[in-house]
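See structure below.
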Amino acid sequence: MSAAALFLWFGRSQVTPPYRTALVISGLVCAIAAYHYFRIFESWTAAYEVRGAEITATGYAFNDAYRYVDWLLTVPLLLIELVLVMRLSESETVSKSMRLGAAAVLMIALGYPGEVAADNGTRALWGTLSTIPFLYIVWELFRGLGAAIDRQPEAVRPLIRKARLLTFASWGFYPIVYMAPFADISGASAETTIQIGYTLADIIAKAGVGVMIYMIAVRKSAIERDTAAPATVVA
Ligand SMILES: *C/C=C(C)/C=C/C=C(C)/C=C/C1=C(C)CCCC1(C)C
């Protein structure tokens with residue numbers, strides 16, 4: 001996550017000014033995650049003991065809040081970086097960012113009480129509520145943003161569609177991981193499975209999508225430089 005943050009921030013000089021904010025935000029997402037992974041790691045080593053293949057709880061509570069505070073910040077920012085790299089009109093950028101950002105905050109806030117609940121009934125209830133804004137985001141990504149993708153330069157459309165698909169596929173992984181306690185695992189094993197699953201999804205959703213945002217920004221910068229070329233030809 002730290003390396004991805006540095007890569008995205010240094011990549012700023014490779015793109016034209018309209019795409020720099022998208023890269024700064026992509027880097028920020030990875031930096032926020034890097035910080036929280038240090039905290040998650042500390043909390044996990046305090047809460048669990050690994051002996052061979054055996055994982056046991058030490059009695060200290062594992063703090064899920066580090067991950068959810070991370071998501072509360074990074075999930076809206078991930079949607080905003082996707083909107084920003086498309087370089088839509090100002091009003092469209094603001095309205096899409098607000099709607100997607102608000103839905104993302106709601107999704108994470110509703111998921112948290114279920115994540116920390118001791119019983120599976122409460123987990124299922126909050127998980128279901130959290131799925132409502134999740135479905136809205138998916139619908140917006142494919143319908144609202146779909147129309148905007150059709151207005152992008154032809155050479156970047158496939159790349160933007162791939163970034164959207166990678167976002168959708170990695171985001172779809174979180175609710176599946178969330179359901180781990182409903183499978184035939186419990187206690188420390190369930191918690192470990194959840195943490196591994198979320199971590200893998202995070203790497204793809206944050207660093208993986210970040211690199212795609214970088215590629216889109218570089219390609220769009222090149223296209224716009226080329227079409228603006230006549231104005232810059234001097235003697
Ligand atoms: C960088 C972190 C990301 C992209 C996190 C995304 C998280 C989700 C899409 C979580 C979704 C959830 C549901 C749809 C229902 C169950 C509860 C959640 C919060 C795991």
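Worth saying up front: this structure is predicted, and the values here are computed from it rather than measured. One-based numbering, in listed order, for ligands and for the atoms of each.
- Residue contacts with ligand 1 for F168 are absent, since no atom lies close enough (heavy atoms, distance under 4.0 Å).
- M107 CE, 3.4 Å is the protein heavy atom nearest to atom 9 (C) of ligand 1.
- For ligand 1, the atoms sitting less than 4.0 Å from at least one non-hydrogen atom of A205 are 4 (C), numbered in the order shown with element in parentheses.
- In this structure, the ring of W71 has its center no less than 6.0 angstrom from the ring center of Y112.
- Shown in contact with Y68 at under 4.0 Å from a heavy atom are these atoms of ligand 1, numbered in order with element: 19 (C).
- Close contacts between ligand 1 and D202 involve ligand atoms 1 (C), 2 (C) [criterion: under 4.0 Å to a heavy atom].
- Remark: E140 pairs with R99, Y136 by the side-chain hydrogen bond (donor to acceptor under 3.5 Å, both in side chains) rule, at least two apart or across chains.
- Residues passing the side-chain hydrogen bond (donor to acceptor under 3.5 Å, both in side chains) test with R87, sequence neighbours excluded: E224.
- Annotation: cation-pi pair R123/Y178 present, NZ/CZ under 6.0 Å from the ring centroid and within 45° of its normal.
- Scanning both residues, G27 and A5, for their nearest heavy atoms gives O-CB, 3.4 Å.
- At a 4.0 Å cut-off, not a single heavy atom of W126 sits close enough to ligand 1 to count as contact.
- Proximity of the aromatic rings of Y37 and Y66 is defined here by a centroid distance below 6.0 angstrom, and this criterion is not met.
- With respect to atom 7 (C) of ligand 1, the closest heavy atom belonging to the protein is Y174 CG, 3.5 Å.
- Ion pairing between E42 and R39 holds under the 4.0 Å rule for side-chain N and carboxylate O.
- In terms of protein heavy-atom proximity, atom 1 (C) of ligand 1 is closest to K206 NZ, 1.4 Å.
- Which parts of ligand 1 touch L78 is read off a 4.0 Å heavy-atom cut-off, strictly below it: atoms 1 (C), 4 (C).
- At a heavy-atom distance under 4.0 Å, atoms from both the backbone and the side chain of W171 approach ligand 1.
- With a heavy-atom cut-off of 4.0 Å, D70 does not touch ligand 1 at all.
- The shortest contact between atom 15 (C) of ligand 1 and any protein heavy atom is with S130 OG, 3.4 Å.
- Within the 4.5 Å cutoff, the side chain of W171 has heavy atoms near those of the F134 side chain.
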